[in-house]
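What follows is a set of notes on a single structure, which appears directly below.
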Amino acid sequence: LVSGDCTENVTISKDGIRLQADGAASITGASTGSPVVRVRGSRTRIIGFTLTGGSNVIQIQEGGSAIIESNEISNANSTSGILVTQNGYARVGGTSASRGNNIHDNSRGITVRLGSGADIFFNTIDNNDRGININANGSVDMSDNVISNSDRGLNLLTGGTVNGSSSPATTGGANTFTNNNVAIRCRLGGSGSGGSVPVGQIDGGGNGLPLINTSGCHLSSTSVFFAP
């Protein structure tokens with residue numbers, strides 16, 4: 001358990017480490033050139049912090065894995081609030097809204113790339129240039145997120161894939177895209193799948209364009225549920 005305010009960059013290389021806040025706790029990156037929390041070990045848990053700064057705020061890499069719940073994640077100096085790369089895995093959020101993260105004011109809210117995977121549930125992803133960015137054979141399952149105030153809410157390219165995880169018609173579990181310049185952009189070999197399982201609900205709340213589906217992309221019309 002961690003309490004109080006820390007200024008440091010943390011690297012987790014051992015398996016099974018639980019990093020949990022005890023009451024109000026924050027970690028601010030001491031160096032802007034390194035992640036605030038770098039994860040190389042497996043079965044890591046990061047719970048309940050305010051995490052700020054660093055090159056990326058949380059970076060999971062080299063086969064590392066982590067569950068990330070109930071955190072405030074903001075102001076990465078270089079790229080992403082959460083970067084999952086080099087065959088890493090992350091579960092971002094949990095099975096209810098109380099376990100979701102607030103990810104805001106980064107260039108990329110969440111980036112998944114280089115053969116990595118992520119399950120992204122019940123998060124608020126706000127005021128990032130790209131809300132969720134998936135490329136270079138990254139793969140994401142996502143539901144129950146609110147993605148807002150971004151230039152591109154969901155950005156799929158170069159082999160990135162995304163799947164919806166529940167149907168809004170039956171569970172209310174769709175993702176909601178609100179007030180983005182482009183809600184979903186898919187290009188250069190990105191793909192979305194799901195059939196009756198939608199990628200998301202585009203609620204029309206100020207999105208400049210709901211969907212850009214360019215040459216080389218494979219986002220089917222059944223993958224996106226457009227709310228009335």
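Excluded from the calculations below are hydrogen atoms, water molecules and symmetry mates; all remaining heavy atoms, backbone and side chain alike, are included.
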Q | Short side-chain to backbone donor-acceptor contact, Asp129 and Arg108, under 3.5 Å | A | no
(Q) So does Ile103 get a backbone contact from the side chain of Asn128, meaning a donor-acceptor N/O pair under 3.5 Å? (A) yes
Q. To the nearest 0.5 Å, how far apart are CG in Leu51 and CD1 in Ile58?
A. 5.0 Å
Q) If we ignore angles and hydrogens, is there a donor and acceptor under 3.5 Å between the side chains of Thr161 and Ser139? A) yes
Q) Can you tell me if Asn137 uses its side chain to pair, donor with acceptor, with the backbone of Leu114 under 3.5 Å? A) no
Q | Exam field: side chain Asn102 to backbone Glu72, donor-acceptor pair closer than 3.5 Å | A | no
Kindly list each side-chain donor-acceptor pair under 3.5 angstrom involving residues 16-26, sequence neighbours excluded, with atom names and distances?
residue : atom : partner : partner atom : Å
Arg18   : NE   : Gln20   : OE1          : 2.6
Arg18   : NH2  : Gln20   : OE1          : 2.9
Ser26   : OG   : Asp5    : OD1          : 2.7

Q) Could you give the distance from CD1 (Ile110) to CG (Asn123), rounded to the nearest 0.5 Å? A) 5.5 Å
Q | Worked check of side chain to side chain contact (heavy atoms under 4.5 Å, CB included) between Phe121 and Asp144 | A | CA-CA 6 Å; Phe121 308 136; Asp144 297 277; 5.5 Å; no
Q: Would you check, one step at a time, whether the test side chain to side chain contact (heavy atoms under 4.5 Å, CB included) holds for Ile60 with Thr44?
A: CA-CA 10 Å; Ile60 301 164; Thr44 304; over 6 Å; no
Q: Can you spot which of Leu156, Leu154, Asn155 makes a side-chain contact (heavy atoms from CB on, under 4.5 Å) with Arg152?
A: Asn155
Q. Is there a donor in the side chain of Ser96 and an acceptor in the side chain of Ser98, or the other way round, less than 3.5 Å apart?
A. yes
Per-pair distances, 0.1 Å, donor-acceptor, side chain in residues 73-81, under 3.5 Å, sequence neighbours excluded:
residue : atom : partner : partner atom : Å
Asn77   : ND2  : Gly54   : O            : 3.3
Ser80   : OG   : Thr111  : OG1          : 2.8

Q. Without hydrogens or angle criteria, can the side chains of Asp15 and Ser42 be said to hold a donor-acceptor pair below 3.5 Å?
A. yes
Q: Using only heavy-atom distances, determine whether the side chains of Asn127 and Asn149 contain a donor-acceptor pair under 3.5 Å.
A: no
**Q.** Test item: side-chain donor near acceptor, Ser148 and Asp126, under 3.5 Å
**A.** yes
Return a table of donor-acceptor pairs under 3.5 angstrom between the side chains of residues 82-91 and protein atoms on other chains or two or more places apart.
residue : atom : partner : partner atom : Å
Tyr89   : OH   : Asp119  : OD2          : 2.7
Arg91   : NE   : Gly93   : O            : 3.0
Arg91   : NH2  : Glu69   : OE2          : 2.2

